Protein chains: 2
Amino acid sequence: MDRKIATIQDVARTAGVSTATVSRTLSKPSVVAPATREAVQSAIAETGYRVNATASNLRRQRTGSVIVLVPNLANPFFSQILAGLSSVLTPAQYGLLVADTQSGPDPDERLAHYLTSGQADGLILLDGTLSPEVLRTPGRPPVVMACEWMGSDLPSVTVENARGAEMAVDHLAGLGHRAIGHVTGPRGNVLTETRLEGFTRGLAARGLPLREDWVLEGDFTMDSGAAAARAFLRMADRPSALFLSSDEMAVGFMGVVQAAGLRVPQDVSVVGFDNIEMAQHLTPRLTTIRQPRTRIGESAAELLLGLIDTAALTGPSDVIEVEFIARGSAAPPPSDRNLG
Amino acid sequence: MDRKIATIQDVARTAGVSTATVSRTLSKPSVVAPATREAVQSAIAETGYRVNATASNLRRQRTGSVIVLVPNLANPFFSQILAGLSSVLTPAQYGLLVADTQSGPDPDERLAHYLTSGQADGLILLDGTLSPEVLRTPGRPPVVMACEWMGSDLPSVTVENARGAEMAVDHLAGLGHRAIGHVTGPRGNVLTETRLEGFTRGLAARGLPLREDWVLEGDFTMDSGAAAARAFLRMADRPSALFLSSDEMAVGFMGVVQAAGLRVPQDVSVVGFDNIEMAQHLTPRLTTIRQPRTRIGESAAELLLGLIDTAALTGPSDVIEVEFIARGSAAPPPSDRNLG
DNA sequence: CTGAAAGCGCTAACAT
DNA sequence: ATGTTAGCGCTTTCAG
């Protein structure tokens, strides 16, 4: 019973047909006669045959899988994107190979490796720090960026980062804040820069000043948000509200600020970016910008499948909308309440 | 320049040797003469040759990849495990295919599919709810469980869940608590049951009563922790401390309880399980049990590679130690302070 | 130390 | 509607 795994030959033999017929029964059942089709199917059932994907792929000159290059797999930020990718690739019969770019020494080299390794029919890059030149590989598979990447004309899925930042400023300004600070991601990062740009534009639109000393650099982590809070607490002249470029930083920020005896939002208003699950469980609940990460993954996978199907290296891009979510961490500034 | 991708034939031709020699140069360089070796190497460089993994795999009767079955990819719980897996599989030249079990209709069928699909040299299961019978597939690849699974003798990587729960109780009892409640995960889940068992044992060891009405059912999510908090608030006779089976639930719990005006730990002590990154950024910082998830992934990958290398279906298992982390969310009960 | 040759299991022309 | 056949690109005996 548990002999070796059956091959297409075994099925052909037991069904009394040729291997071609077995293959056809599997791929285009309509072109084989009903009688033979049934014979083949029962032979398949009898032998427990499963097609050998490797052989099939070799013959068809494809791999049946897609590689997603993640900068840092340990970062939960990416899990929802992976879920989105998986939800469209699996039904389309593609495997999802994940690779961590930054675990090795040279991320660019890793990218080059996967680009030329022929291990996948397409790549999805979540890492915006890779150098564009690597993509000049001849005969490379199609690539979709699932994040912003300056100076690249690859098909991509991006989020309205600048607009989200503007919405945050707008909300705070609408509440009466005129002294608004910002905690950025790491400088040079595309998300950082686009959100900073939106922040700046939002201030300008409301005629508010951009105070350089109120713009603190973080790196999207809770730790850096906590550090920003300590810097904030040391300021002689503090902003009444802060927009932080990630919810994680907002969590770290609020933790330190509350530990120091300040109240959010009574003493300082806080707006984050992302709408991580935790945002609605904090005290106070975090006002933030939602970016639908599952959607990012789905869209990236759809774009890539489009490229693969049409054997193209370029194609449409997609921009994912963000949504402002007002919760309890932003309120009118203290001065307004005093006046009231 | 950007002709088609070079094959081993092209390299053989430009180097003036046979394909066998090219293959040997790549796999066992020591057995080819230095002169030929160099000729082959420069031919490889010249042609930009990359071995076709599919063809190689077909010939060698392997796939070069490992499938990890994740119950829910969107759950960030798994991202660190994936990082651990990747960090050992990648250097070992194995691809990491991820598949979401619960996205489709029938998880068991998905497992059966991957077990027989021949798409991987081994499987890693993170889903403890799959039925053991599926594993009776003849000719299946080796499987490692990276979570507890009742009634299975597969090689596995498990965490000292019961012991972690005992440590939590012990800490609370040591602080003077005699009224300790528990919020479980979903009943039937192995993590839930083992932690509940540890909780019960811990109480017994300290001679404390197990009050059924102080044991609330959750499902590991923040939402369920919040729900547990509402139930807690409605209690006429409340425990002075709670051990929650996940940090997420502790976050949800503390949010609601604090919003209701109770102070943690002054009015109620809280201990979680996991040590998620956020634990140290909460106010107060969360006392919890650390389970090293990256280590779980690394260990699972190592065990699986061992099985693959020895062509075995059974092998050693690994138990990962947990660590108690005392922070600010647990303190002596109010009664003790009154007495003090 | 190197080459010739036989497939791995499958698919897709091309015949019939 | 079905069978025959020629590989996909590679590794690995087996000879030399």
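By convention in this document, chain letters (A, B, ...) are assigned in the order of the sequence lines, proteins followed by strands, and residues within each chain are numbered from 1. The shown structure was predicted, so the numbers you read here are calculated from the model rather than taken from an experiment.
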* **Residue pair B/Leu304 / B/Val66, side-chain heavy-atom distance below 4.5 Å** => yes

With a non-hydrogen cut-off below 4.0 angstrom, is A/Thr54 in contact with a base, only sugar-phosphate, or nothing? nothing

Here the distance between atom C1' of D/dG9 and atom CD of A/Gln119, to the nearest Å, is 15 Å

Can B/Asp121 and B/Thr63 be said to form a side chain to side chain donor-acceptor pair (under 3.5 Å), step by step?
CA-CA 6 Å; B/Asp121 299 329; B/Thr63 69; 3.0 Å; yes

Exercise. Within the structure shown, what part of the strands sits under 4.0 Å from A/Ala20 by heavy-atom distance: base, sugar-phosphate, or nothing?
Worked result: base

Closest to the side chain of A/Thr7, out of C/dG3, C/dG9, D/dA1, is C/dG9

Walking DNA chain C from its 5' end, the first of A/Lys28 and B/Ala55 to be reached, judged by nearest nucleotide, is B/Ala55

note: B/Ile8, atom CD1; D/dG7, atom P; distance rounded to Å ~ 18 Å

In whole angstroms, the gap separating P of D/dC10 from CD1 of B/Ile5 amounts to 10 Å

Are OP1 or OP2 of D/dG9 and a side-chain N or O of B/Thr19 less than 4.0 angstrom apart?
no

Among C/dC10, D/dT12, C/dG3, the one nearest any side-chain atom of A/Tyr49 is C/dC10

Practice task
Give A/Thr36 one of three labels, base, sugar-phosphate or nothing, depending on what nucleic acid heavy atoms sit under 4.0 Å from its own.
Solution key: sugar-phosphate

Of the candidates C/dG9, C/dC1, D/dG3, the side chain of A/Asn52 sits closest to C/dG9

Quiz item: Should B/Phe220 and B/Asn189 be marked as a side chain to side chain contact (heavy atoms under 4.5 Å, CB included) after you check the CA-CA gap, both sets of side-chain angles, and the distance that decides it?
Solution: CA-CA 11 Å; B/Phe220 294 135; B/Asn189 181 295; 3.9 Å; yes

A/Arg62 CZ to D/dG9 C1', in whole Å, measures 17 Å

**Asked** Checking only heavy atoms, does the side chain of B/Arg50 share a donor-acceptor pair with the base of D/dG9 at less than 3.5 Å?
**Response** no

Whole-Å distance, B/Arg24 CZ to C/dC1 P, equals 11 Å

The side chain to side chain donor-acceptor pair (under 3.5 Å) partner of B/Ser299 among B/Thr158, B/Thr294, B/Asp318 is B/Asp318

Open item on the list: Whether B/Thr21 contacts C/dG3 is assessed here as follows: a side-chain N or O lying under 4.0 Å from the phosphate OP1 or OP2. Is that the case?
Closed with: yes

Of the listed D/dG9, C/dA13, C/dC10, the closest approach to the A/Val51 side chain comes from C/dC10

When rounded to whole Å, the CD to C1' distance for the pair A/Gln9 and D/dT4 reads 12 Å

Among the nucleotides C/dC1, C/dC8, D/dG3, whichever has the atom closest to the side chain of B/Leu58 is C/dC8

Does a nitrogen or oxygen in the side chain of B/Ser56 sit under 4.0 Å from OP1 or OP2 of D/dC10? no

### Message
I'd like to know whether A/Thr36 forms a side chain to side chain contact (heavy atoms under 4.5 Å, CB included) with A/Arg24, so could you lay out the CA-CA distance, the side-chain angles of the two residues, the decisive distance to 0.1 Å, and finally the verdict.
### Response
CA-CA 11 Å; A/Thr36 21; A/Arg24 274 186 218 110; over 6 Å; no

Side-chain atoms of B/Gln61 come closest, of C/dC10, C/dA4, C/dC8, to C/dC8

Whole-Å distance, A/Asn57 CG to D/dC10 C1', equals 15 Å

With B/Leu154 as partner, the option from B/Leu307, B/Val144, B/Leu123, B/Val143 fulfilling side-chain contact (heavy atoms from CB on, under 4.5 Å) is B/Val143

Between CG of B/Leu26 and P of D/dT12 the distance, given in whole Å, is 12 Å

Considering only heavy side-chain atoms of B/Arg60, the closest of D/dC10, D/dT12, D/dG3 is D/dT12

